[in-house]
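Chain letters run A, B, ... following the sequence lines, proteins first and then strands; every chain starts at 1.
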Amino acid sequence: MTCKSVREMISPYIDEALEPAGRDAFISHIKECSECRMRYEEIRGIHALFAGVERDRAPAGCSSKVMASLKAEQEAGMPAFASFKAPLFLKFAEAAFAVVIAIIGIISGNILMMNSHTSERPPVIEESLSLDVFDPLPPDTIGGAYIVMTEVRR
Amino acid sequence: MKKFDDIDLLRRFKNGDLSAFEDLVIEFQDKIFSLCRYMLGNARDAEDAAQDVFIKAYQKLNDFRPNASLYTWLYRIGVNTCLDYKRKSFLRLLNHSESKINSLPGKSTPEDDYRSKETSMAINRALAGLPEKLRITIVLREIELLSYEEIAEVLNTSVGTVKSRISRARELLKTALKSEI
């Protein structure tokens with residue numbers, strides 16, 4: 001491995017972000033190369049400085065202040081609570097209600113359609129043209145000829 | 001220590017349980033405050049920024065996709081919020097960090113911690129001198145202790161870029177902190 005590529009591995013090695021093969025190659029190189037070893041020690045020293053830095057803690061009451069801010073925005077009608085949606089079961093109830101209404105509507109529509117269809121009888125040519133309700137006419141008359149015609153069609 | 005359960009929190013929040021969000025704030029307030037303090041350089045601005053971070057998180061929590069980590073998602077909001085603060089107020093870490101470190105709430109300075117305090121101040125000065133992208137990256141690594149993959153997720157960049165920025169940041173810090181090493 002070249003020194004240039006090893007120096008690029010210094011930080012990942014310190015941060016335990018190297019693959020095992022890379023880690024072994026890095027260790028082997030810095031054992032042999034004093035220049036790279038010195039560079040590694042310097043960067044490791046920087047990393048070690050941060051270990052001694054005291055981590056900040058949030059001021060006391062931070063969470064209470066956050067919740068109070070959210071509540072204040074709600075009371076002022078601000079959008080902070082706009083994203084607060086109804087509980088899940090209410091949403092399901094709403095959807096179920098809409099589905100029930102739709103089904104009722106479909107069923108009602110079908111019932112109406114059926115009723116309108118039963119009141120209409122398909123046209124029966126023979127019946128509509130039939131003159132059976134009337135007294136039979138002699139065949140040599142127009143009416144008689146008409147009766148012959150309808151009989152043929154049947 | 002009980003592992004924070006992202007899935008359970010989201011389930012409770014979506015069912016209308018506001019205490020779930022308060023649990024999230026309590027769990028992450030130290031980390032978010034620390035991030036804001038290092039990015040903005042003083043505790044007062046950090047406190048305001050941290051509150052803004054949680055308010056934004058509240059507004060966006062219903063849109064959060066569980067395939068990501070809640071932890072890194074929150075950090076991303078934190079980084080973006082602090083960058084917005086800096087753009088608006090043109091604050092510089094260098095001018096504010098030294099005097100404000102002494103006024104951080106809850107910090108006592110016993111005699112035997114003098115060296116540690118000096119080191120912290122030197123680190124803050126050195127961090128302030130870094131380009132912004134390098135500073136954010138090294139703070140997330142060294143202070144917030146995020147992994148390379150987590151940092152890449154927070155900053156919406158590649159692991160390779162994170163590695164490169166951390167290496168460059170440490171080289172620059174090495175020069176700035178020669179007397180401390």
Side-chain angles (χ1 to χ4, degrees), chain A residues 4-19 22 38-74 76 78-92, chain B residues 14-18 21-23 25-26 29-38 43 46-47 50-52 54-55 58-63 104-107 113 115-117 119-120 122-124 138 141-144 147-149 159 162-164 166-167 169-171 173-174 177-178 180-181:
Chain A
K4 183 175 183 293
S5 60
V6 167
R7 287 171 196 179
E8 289 172 2
M9 296 166 78
I10 292 175
S11 278
Y13 175 76
I14 289 170
D15 297 324
E16 298 179 4
L18 281 182
E19 296 295 325
M38 188 178 72
R39 293 270 189 122
Y40 162 68
E41 295 291 344
E42 286 173 340
I43 299 299
R44 195 176 69 166
I46 295 295
H47 175 65
L49 280 179
F50 281 96
V53 170
E54 196 168 340
R55 268 50 178 179
D56 291 302
R57 292 188 64 85
C62 179
S63 63
S64 304
K65 286 181 187 174
V66 169
M67 299 312 289
S69 294
L70 290 173
K71 284 179 184 159
E73 288 193 359
Q74 182 195 26
M78 297 286 282
F81 274 90
S83 66
F84 180 68
K85 295 179 184 170
L88 207 58
F89 75 90
L90 279 182
K91 287 162 80 171
F92 279 129
Chain B
K14 290 188 179 194
N15 282 335
D17 182 1
L18 283 181
F21 188 77
E22 192 165 6
D23 289 346
V25 175
I26 292 168
Q29 61 185 349
D30 290 343
K31 294 182 192 303
I32 295 299
F33 176 78
S34 173
L35 172 71
C36 294
R37 226 277 291 153
Y38 274 95
E47 191 176 352
Q51 288 194 30
D52 279 353
F54 286 115
I55 289 172
Y58 182 87
Q59 292 168 344
K60 297 178 183 184
L61 193 55
N62 270 321
D63 300 329
L104 283 170
K107 288 206 177 289
D113 285 340
R115 174 67 183 156
S116 173
K117 181 188 164 194
T119 301
S120 290
I123 287 172
N124 273 293
I138 200 70
R141 177 66 203 113
E142 296 286 14
I143 305 294
E144 305 301 326
S147 68
Y148 283 23
E149 289 75 18
V159 170
V162 170
K163 280 183 191 174
S164 168
I166 287 174
S167 295
R170 284 176 173 154
E171 286 292 336
L173 288 172
K174 185 182 73 174
L177 293 167
K178 261 186 185 160
E180 300 289 334
I181 302 174

Inter-residue atom distance [X].[atom1] - [Y].[atom2], 0.5 Å rounding:
X: B:I138; Y: A:H47; atom1: CD1; atom2: NE2; result: 9.5 Å
X: B:I26; Y: A:S64; atom1: CD1; atom2: OG; result: 7.5 Å
X: A:R44; Y: B:R170; atom1: CZ; atom2: CZ; result: 12.5 Å
X: B:T119; Y: A:L49; atom1: OG1; atom2: CG; result: 6.5 Å
X: A:D56; Y: B:K31; atom1: CG; atom2: NZ; result: 12.5 Å
X: A:R39; Y: B:K174; atom1: CZ; atom2: NZ; result: 5.0 Å

Query raised in the report: Under a 4.5 Å heavy-atom cut-off, does chain A meet the side chain of B:E149, its backbone, both or neither?
Result: neither
Query raised in the report: Side chain, backbone, both or neither: which part of B:I123 has a non-hydrogen atom closer than 4.5 Å to chain A?
Result: side chain
**Report entry** Atom group of A:E16 that falls short of 4.5 Å from chain B, counting heavy atoms
**Finding:** neither
Requested in this report: Could you tell me which residues satisfy ring pair (Phe, Tyr, Trp, His ring centres under 6.0 Å) with A:Y40, sequence neighbours excluded, listed by chain and number?
Outcome: A:Y13, A:F26
Query raised in the report: Do A:L70 and B:F54 come close enough that some side-chain heavy atom pair is under 4.5 Å?
Result: no
For the student: nearest non-hydrogen atoms of [X] and [Y], plus distance:
X: A:A58; Y: B:D30; value: N-OD1, 2.8 Å
X: B:F21; Y: A:M67; value: CD2-SD, 3.9 Å
X: A:S69; Y: B:Q51; value: OG-OE1, 3.5 Å

Requested in this report: Pick whichever of A:I10, A:I43, A:I14 has the most heavy-atom pairs under 4.5 Å with chain B.
Outcome: A:I43
Requested in this report: Could you list the residues that satisfy side-chain hydrogen bond (donor to acceptor under 3.5 Å, both in side chains) with A:K65, not counting sequence neighbours?
Outcome: B:E47
